[in-house]
Structure formats: C-alpha cells, structure tokens
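Taking it in order: structure first as structure tokens, then the write-up.
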Amino acid sequence: MVALLAALLAWLAPPAALRPATSPLPSRPTSAGFGRPLLPVPVVRMAINDSAPAKPRLAIEYCTRCNWLLRSAWLSQELLTTFNGTLAEVALQPNHVEGGVFTVRLDMGAGAGEELVWSRAEEGRFPESAELKRKVRDILAPEKHLGHSEDKYGVVDDRPPSARSAVSRLLALFSAEKRVPR
C-alpha cells in the first residue's frame, strides 16, 4: 500500500522543470529550444546627464470620457516625428474630471515656463496636424522648414513656374463647368 501511495505521489508531482530550484537563484536553461544555446541578454542602463541642457517637453491633455486618446496619440506621433531630436518627450495626460478638454502645452524647460499652444475650448475645434506643427515650430524652432506642412497652395507660392502652370491648368480643368453643345 505504501508503494502504491509513493507511486501515486510521484505521478502527481510536477515535472523537474516546474519544481522550485534549491538554490536561492533560479536555474537558467541551457538552450532556447531547437538546440540553440541561450545568449546572454545585455542590461542597458541609462545614465541621467544633469549637465546637459533640458530639452522641451510637450504635453497633450485630453478628455477620457470623449475617447480622444487615439487623436492625442496620433498627434503626438506626428510631433515626435517632425521634431525628432528637438523635443525630449511628448506626454499624454488623460483628464478624467473635465469634459471636452483638449490642450497642447509646451514646456521649454530650464525654468522658462509653460506655454499654451492649442486649446480646444479657445479655438472651438481640433487642430489640423500641419497647423499644430506650425504653431509648435513657431515657438520651438522658427528657422525649421516643415516641408509639405509648411505651405498651402495660394498662400506661399514659391514653386517653379512649370509646376505653377501645371497646377493652375489642372485646377481650371476640374473647376470649369462642362458644357455639352446642343
């Protein structure tokens, strides 16, 4: 009977891989599967350099009740891509208390203070991506050219004459009424 009980307990016991290790440190497997040896994973530690000048930080505060997280995340991605290396971070700040909040603030760091870039309450609408980029650029780096976000046709027309005439011909073609002769 004792032998039967010992066999049953041995059968119910977890496999050796699942048993706790006897040493205080967990045992490390020798392969990652398929016969490949495990490579050591390097630990990356970031050093904080307090002597470096502080980079600007942008904060987008959005209403969680209005589900504006996706819009905030998209605009943060656009701003991080455009101002790569200029902005230290873009923070998303959910607002659970006030309804309809959507503000963009820029903190220049080093005690310069915070500046309101966009407020949905003041403007009455959301910013277009190019519009928000221009506003941030005007504060952060006025000399930076934003490429296609910079100009709109008719506002800044520094295209070569061939491109201007081609665009004007296309616009005339699409805007003209088609008259069918009778």
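Worth saying up front: this structure is predicted, and the values here are computed from it rather than measured. Just so you know, these numbers use all the heavy atoms, side chains as well, and skip hydrogens, waters and symmetry mates. Position 1 is the first residue of the sequence, and the numbers go up from there.
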Worksheet item: What are the two closest non-hydrogen atoms of Cys66 and Gly100, and how far apart are they?
Response: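 Nearest heavy atoms, Cys66 then Gly100: SG-N, 3.6 Å.
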Fill in: Closest heavy-atom pair and its distance - Arg65, Val97
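Closest heavy-atom pair between Arg65 and Val97: NH2-O, 2.7 Å.
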Should [X] and [Y] count as side-chain neighbours, where that means a heavy-atom distance under 4.5 Å?
X      : Y      : result
Glu122 : Leu116 : yes
Leu132 : Val104 : yes
Leu87  : Leu106 : yes
Pro56  : Leu140 : yes

Practice prompt. Show your working on side-chain contact (heavy atoms from CB on, under 4.5 Å) between Thr64 and Leu69 and close with a plain yes or no.
Written response: CA-CA 7 Å; Thr64 55; Leu69 171 63; over 6 Å; no
Worksheet item: Which ring pair (Phe, Tyr, Trp, His ring centres under 6.0 Å) pairs, counting each pair once, include a residue from residues 95-115, with sequence neighbours left out?
Response: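 For residues 95-115, and leaving out neighbouring residues, the ring pair (Phe, Tyr, Trp, His ring centres under 6.0 Å) pairs sorted by first residue read Phe102-Phe126.
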Look up atom [atom1] in [X] and atom [atom2] in [Y], then write down how far apart they are to the nearest 0.5 Å.
X      : Y      : atom1 : atom2 : answer
Thr82  : Arg134 : OG1   : CZ    : 11.5 Å
Gln77  : Ser72  : CD    : OG    : 13.0 Å
Leu75  : Tyr62  : CG    : OH    : 12.5 Å
Lys55  : Met108 : NZ    : CE    : 12.5 Å
Leu79  : Asn84  : CG    : CG    : 12.0 Å
Asp107 : Arg57  : CG    : CZ    : 7.0 Å

Worksheet item: So, the side chain of Arg105 versus the backbone of Trp118: is there a donor-acceptor pair under 3.5 Å, distance only?
Response: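 Not a single qualifying donor-acceptor pair exists.
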Worksheet item: Got a donor-acceptor contact below 3.5 angstrom from the Lys135 side chain to the Ala130 backbone?
Response: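 Here the side-chain-to-backbone pair does not exist.
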Worksheet item: Above 12 or not: heavy atoms from other molecules or residues under 6.0 Å from CD of Glu128?
Response: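 For Glu128, atom CD is not crowded (no more than 12 foreign heavy atoms under 6.0 Å).
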Worksheet entry | Basic-acidic side-chain contact under 4.0 Å: Lys133, Glu78 |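 Yes, charged N to carboxylate O under 4.0 Å.
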Item to complete: Indicate yes or no: does Arg125 engage Glu131 in a salt bridge with an N to O separation below 4.0 Å.
Response: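 Salt bridge between Arg125 and Glu131, a charged N being under 4.0 Å from a carboxylate O: yes.
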Item to complete: Is it possible for you to say whether Val101 and Leu92 belong to one hydrophobic cluster, with membership spreading through side-chain heavy-atom contacts below 4.5 Å?
Response: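 No, separate clusters.
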